[in-house]
There are 2 protein chains.
Amino acid sequence: MSAKTPQPPRPTDAELEILTVLWARGPATVREVHEIIAQRKPAQYTTVLKMLQIMAEKGLVRRDEKERAHIYQASRPREWTQRQLAGDLLQRAFNGSAKSLLVGALAARKASKEELAELRKLLEEYEKGTQ
Amino acid sequence: MSAKTPQPPRPTDAELEILTVLWARGPATVREVHEIIAQRKPAQYTTVLKMLQIMAEKGLVRRDEKERAHIYQASRPREWTQRQLAGDLLQRAFNGSAKSLLVGALAARKASKEELAELRKLLEEYEKGTQ
DNA sequence: CATAATCTACGAAGACTTTACTACGAAGAG
DNA sequence: CTCTTCGTAGTAAAGTCTTCGTAGATTATG
């Protein structure tokens with residue numbers, strides 16, 4: 001009965017940038033998204049509009065057309081998409097090894113003591129949850 | 001003095017697939033790469049050839065033309081590229097948070113008890129190394 | 001009301017990705 | 001030596017990604 005949204009595809013670079021804005025801001029108009037994007041890089045209003053239209057077609061965002069200025073929101077929560085991306089890279093580049101992925105991440109960006117503590121705690125929690 | 005190879009770009013999906021073969025096999029001819037790729041999916045010989053030519057232009061692989069059948073090898077070790085990819089995703093999708101990345105990876109593919117132990121061990125080693 | 005501002009839709013250019021066909025030279029087999 | 005096999009190079013088609021210009025409708029403003 002419930003017509004589930006089909007699995008949206010892996011977002012591209014530009015799409016991910018826009019999703020990031022939507023996750024941070026919540027539902028937003030093209031104008032709002034554009035204002036934030038434009039702070040970081042030159043981009044025309046219609047470019048953002050077009051991206052959002054395409055993303056709506058792909059199912060990456062949903063849009064509410066009740067108002068004249070349509071309101072867009074990410075169709076999946078940040079965590080869901082992050083899981084997809086992590087799983088995808090894990091399989092494509094790390095042969096499924098979470099350890100290798102973590103090695104890569106730590107090598108790419110040195111972690112602080114606090115972050116390491118967080119990571120350890122995360123593993124603890126996770127073990128509790130699965131056993 | 002040393003004319004360093006410029007930083008090669010992030011490999012695409014198809015490129016990563018070929019790099020994976022080269023990392024596993026070491027230097028190889030087009031034919032050897034093709035034989036392995038063709039086991040997993042239908043692909044013409046010249047397709048693999050073309051990919052390798054393009055990858056050589058981009059600096060992702062180096063080629064030795066001394067023999068008639070050129071020999072290709074990854075220009076960067078697997079770990080180096082993994083670090084790039086992990087760092088790239090970390091920044092693009094996880095706002096630099098290694099913790100979030102690990103959460104995503106663990107959610108995407110449940111880790112076994114053994115793997116969790118490995119991860120913990122990795123963090124220990126890493127802390128020793130940095131303090 | 002007339003004009004300006006705001007919005008969506010459409011179209012399309014240019015770059016990149018992936019795939020495969022064709023051409024042609026070099027090496028190997030009978 | 002002739003014919004087949006193996007190899008590279010070049011060309012290009014089809015698809016995707018990213019960007020932006022133009023058009024036309026709707027709303028706000030003087």
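Numbers restart at 1 for each chain; the letters A, B, ... are given by sequence-line order, proteins then strands. Note that this is a predicted model, so its numbers are computed, not measured.
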- Message: For the CG atom of A:L101 and the CD atom of A:Q91, what is their distance to the nearest 0.5 Å?
- Response: 13.0 Å

Candidates [options] - which lies nearest the side chain of [X]:
X: B:R68; options: D:dC17, C:dT18, C:dA26; value: C:dA26
X: A:L49; options: C:dT19, C:dT6, C:dT8; value: C:dT8
X: A:A14; options: D:dT18, C:dC7, C:dT19; value: D:dT18
X: A:T46; options: C:dC7, C:dA9, C:dA20; value: C:dA9

Euclidean distance, atom [atom1] of residue [X] to atom [atom2] of [N] [Å, nearest integer]:
X: A:D13; N: C:dT17; atom1: CG; atom2: P; result: 11 Å
X: A:I54; N: D:dC20; atom1: CD1; atom2: P; result: 13 Å
X: A:E17; N: D:dT18; atom1: CD; atom2: C1'; result: 11 Å
X: B:L52; N: D:dG10; atom1: CG; atom2: P; result: 16 Å
X: B:K66; N: C:dA26; atom1: NZ; atom2: P; result: 20 Å
X: B:E67; N: D:dT8; atom1: CD; atom2: C1'; result: 15 Å
X: B:I37; N: C:dA20; atom1: CD1; atom2: C1'; result: 16 Å
X: B:D64; N: D:dG7; atom1: CG; atom2: C1'; result: 15 Å

Please confirm whether the shortest side-chain N or O distance from [X] to OP1 or OP2 of [N] is below 4.0 Å.
X: B:Y45; N: C:dT19; result: no
X: A:Q53; N: C:dT8; result: no
X: B:R10; N: C:dT17; result: no
X: B:R31; N: D:dC6; result: no

- Sub-3.5 Å donor-acceptor pair from the side chain of A:H70 to the main-chain atoms of A:V30, do we have one? no

- Indicate, yes or no, whether a donor-acceptor pair under 3.5 Å links the base of D:dC17 to the side chain of A:T12. no

- Tell whether B:K50 reaches the base of D:dT11 with its side chain through a donor-acceptor pair below 3.5 angstrom. yes

- Looking only at heavy atoms, which two atoms of A:E65 and A:R63 are closest? And how far apart? OE2-NE, 2.9 Å

- Query: Of the non-hydrogen atoms in A:L60 and A:L19, which two are nearest, and what is the gap between them?
  - Reply: O-CD2, 3.9 Å

- Note on the structure: The residue, A:K58 or A:Q44, whose nearest nucleotide of DNA chain D is more 5′ is A:K58

- Could you tell me whether A:E115 and A:R109 make a salt bridge, using a distance below 4.0 angstrom between a side-chain N and a carboxylate O? yes

